[in-house]
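Worksheet: one structure, shown below.
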2 protein chains.
Amino acid sequence: MASSNQPATPARQLRADAARNREAVLCAAREVFAESGLDSPLEEIARRARVGIGTLYRRFPSREHLIAAALVGKITEYADAAENALGEADPWAGLSGFVRKICALQAGDRGLADLLLMTMATSGEIEAIRERANRAATELIARAKAAGTVRPDLTGEDLLLMMIANSSIAAAAGRDAPCAQPRFVALMLESFQPRPDSALPRPPSAAEMRRVMTRLAAAYGCHADPAAAAELCGGHPPQSSLGQPAAH
Amino acid sequence: MASSNQPATPARQLRADAARNREAVLCAAREVFAESGLDSPLEEIARRARVGIGTLYRRFPSREHLIAAALVGKITEYADAAENALGEADPWAGLSGFVRKICALQAGDRGLADLLLMTMATSGEIEAIRERANRAATELIARAKAAGTVRPDLTGEDLLLMMIANSSIAAAAGRDAPCAQPRFVALMLESFQPRPDSALPRPPSAAEMRRVMTRLAAAYGCHADPAAAAELCGGHPPQSSLGQPAAH
DNA sequence: CGCTAGCCGGAGGCTTTGCTCCACATCGGC
DNA sequence: GCCGATGTGGAGCAAAGCCTCCGGCTAGCG
């Protein structure tokens, strides 16, 4: 068993009809996830793709595989936004533009909003892209700090908190209050700016936020513990060769 | 079919054992709601109260009735916090203390956090208390604006946005990142302070936010449309115009 | 063409949750 | 202590989702 981590493209060439169906599922998944988030019923996706539920499961053995395959493109947009922002001459313009951009992305796609807040243990590809975005975002903050246009105690974790908040506001306000989300982002950006004599309580650590993201993943039915993840990938659970991994 | 709006206290004297059970259910409900939010399974509440599910439904014919009965006390704390803050001499100390207080309340009780973001069409009592809090909060903002310690374009709707955000951060971070929620509140308070030459996009209207709260209520299985609500109360659906006091 | 590996759909088992209904138990006035 | 009004528990039905399995279909190679 070659342990290719997860087939972003199917292992071998699919038959023409199968490939067509696979694409239809991905397309429907993008639609449904965007509308209703990553915990949408998979049956709804199959229905919209005009495909049996069995077909969906054959192509994507778990929800996480489907999520990863459907949203690589979208999360790449996110990473690209971060790196493009580094090209901006003015550090504050770069950072604030990036913040507005990703918050708008979240507001426009509930699936992406969810994905940006969780870790996908089974998809190295997604995590690599996220890491790329993280590096760029950290650099964006560092530059703005150096230029004195951002409060010196701002951290990358603050950006993540903002994204959690933005995601819930976008989900709650939706079309009922379309100006809520931009308003909130503007307020957050105000809070990022430096202000003399104002100290913030200490931020959460990167490790803490990683744990948060792992728990959020679990809430969407994505098992982030290594054993379950490995099993899902067809890999070997650590210490392999036990009859069955304990997790069920 | 008596059309008493909703029995905050049971219609007539309950038998001793029944009253004891009712109290046990309320107590369990407060626990479970606090831990897991207003969408917790009612069976879990019955189980923890060591009571049959039938008993729970007999006493509280719908989830909304149970929520209202279990959380009147908590939401009263919220309204009291607002009114007490009006007693504070320094307007900014009053407002910021209030904000920190309610956000801490939300962080400590997921049920309350949820309740503060939704309208309870079937419980005039809850809505009256909320209205009391709204009036006080509006006054708090007005005072702080007058004193120049808060940005002039801040509105009551911004407070609600903050509460939505705070609720989701508290829920996500939980015990994994206990400093996340205070950190976020501190940032929001920074954004409330005045800053020359900074304009915010226009805030959502009160009516829009009311619609948002109604939809959030529906998400917890609370039917907020007048017809369903009235039916649930055994009252008459149409015409009666005494509905909610319009916020503001 | 004909054949088969590969693919398809959805029936159906399982779990969770909501809510109803009724045979039985208990309280408490007399 | 009797006995009916009152209360109790949980069996049971329905709906929604997850996921597996298998009888039948077809694409596309030879």
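The sequence lines fix the lettering, A, B, ..., with proteins before strands; numbering per chain opens at 1.
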(request) Taking only the side-chain heavy atoms of Asp17(A) (C-beta and beyond), determine which of dC7(C), dG9(D), dG9(C) contains the nearest atom. (result) dC7(C)

(request) Working to the nearest 0.5 Å, report the span between CG of Leu66(B) and CZ of Arg63(B). (result) 8.0 Å

(message) Between P on dT4(C) and CZ on Arg15(A), what's the gap in Å once rounded to a whole number?
(response) 15 Å

(message) Tell me the interatomic distance from His65(B), atom NE2, to dC19(C), atom C1', rounded to whole angstroms.
(response) 15 Å

(request) Calculate the interatomic distance between Ile67(B) atom CD1 and dG18(C) atom P; express it in whole Å. (result) 11 Å

(message) For Glu64(A) and Tyr220(A): C-alpha separation, side-chain torsions, deciding distance, then whether side chain to side chain contact (heavy atoms under 4.5 Å, CB included) applies.
(response) CA-CA 9 Å; Glu64(A) 340 189 23; Tyr220(A) 292 112; over 6 Å; no

(request) Go through dG9(C), dT8(D), dA5(D) for me and flag the one nearest to the Val51(A) side chain. (result) dG9(C)

(message) Which nucleotide wins on minimum distance to the side chain of Tyr57(A), given the candidates dT20(D), dC19(C), dG7(D)?
(response) dT20(D)

(message) Students often get this wrong, so: under 4.0 angstrom with heavy atoms, is Arg59(A) touching a base, only sugar-phosphate, or nothing?
(response) sugar-phosphate

(request) Figure out the CG/C1' separation between Leu56(B) and dG7(D), and round it to whole Å. (result) 14 Å

(request) Give a yes/no answer on whether the side chain of Thr55(A) brings an N or O atom under 4.0 Å of OP1 or OP2 in dG9(C). (result) yes

(message) Over all strands shown, is Arg58(A) touching base, sugar-phosphate only, or nothing at heavy-atom distances under 4.0 angstrom?
(response) base

(request) Tell me which nucleotide among dT8(D), dG7(D), dC19(D) gets nearest to the side chain of Glu43(A). (result) dC19(D)

(message) Nearest to the side chain of Ile53(A), heavy atoms from C-beta on, is which of dC18(D), dT20(C), dC19(D)?
(response) dC19(D)

(message) Checking contacts here: which listed nucleotide (dC7(C), dG9(D), dG7(D)) is nearest the side-chain heavy atoms of Ala18(B)?
(response) dG7(D)

(message) I need the minimum non-hydrogen distance between Glu77(B) and Leu105(B), along with the two atoms involved.
(response) OE1-CD2, 3.5 Å

(request) For Arg47(B), report the nucleic acid contact type (base, sugar-phosphate, nothing); a contact means any heavy atom under 4.0 Å. (result) nothing

(request) Rounded to the nearest angstrom, tell me the gap between atom CG in Leu42(A) and atom P in dG9(C). (result) 16 Å

(message) Let me confirm one number: the CD1-CD1 distance from Ile67(A) to Ile75(A), rounded to the nearest 0.5 Å.
(response) 11.5 Å

(request) Sort out for me which residue in Arg175(A), Arg30(A), Arg48(A) forms a salt bridge (Lys or Arg N to Asp or Glu O under 4.0 Å) with Glu35(A). (result) Arg48(A)

(request) Check whether any side-chain N or O of Asn21(B) sits under 4.0 Å from OP1 or OP2 of dG7(D), and answer yes or no. (result) no

(request) Find the distance Arg50(B):CZ to dG7(D):C1' and express it as a whole number of Å. (result) 19 Å

(message) Without decimals, in angstroms, what is the distance between Leu38(B) CG and dT17(C) C1'?
(response) 16 Å

(request) Could you check Asp39(A) against Gly54(A) and say which one's nearest nucleotide on DNA chain D is further toward the 5' end? (result) Asp39(A)

(request) Nearest whole angstrom, please: distance from the C1' of dA27(D) to the CZ of Arg20(A). (result) 10 Å

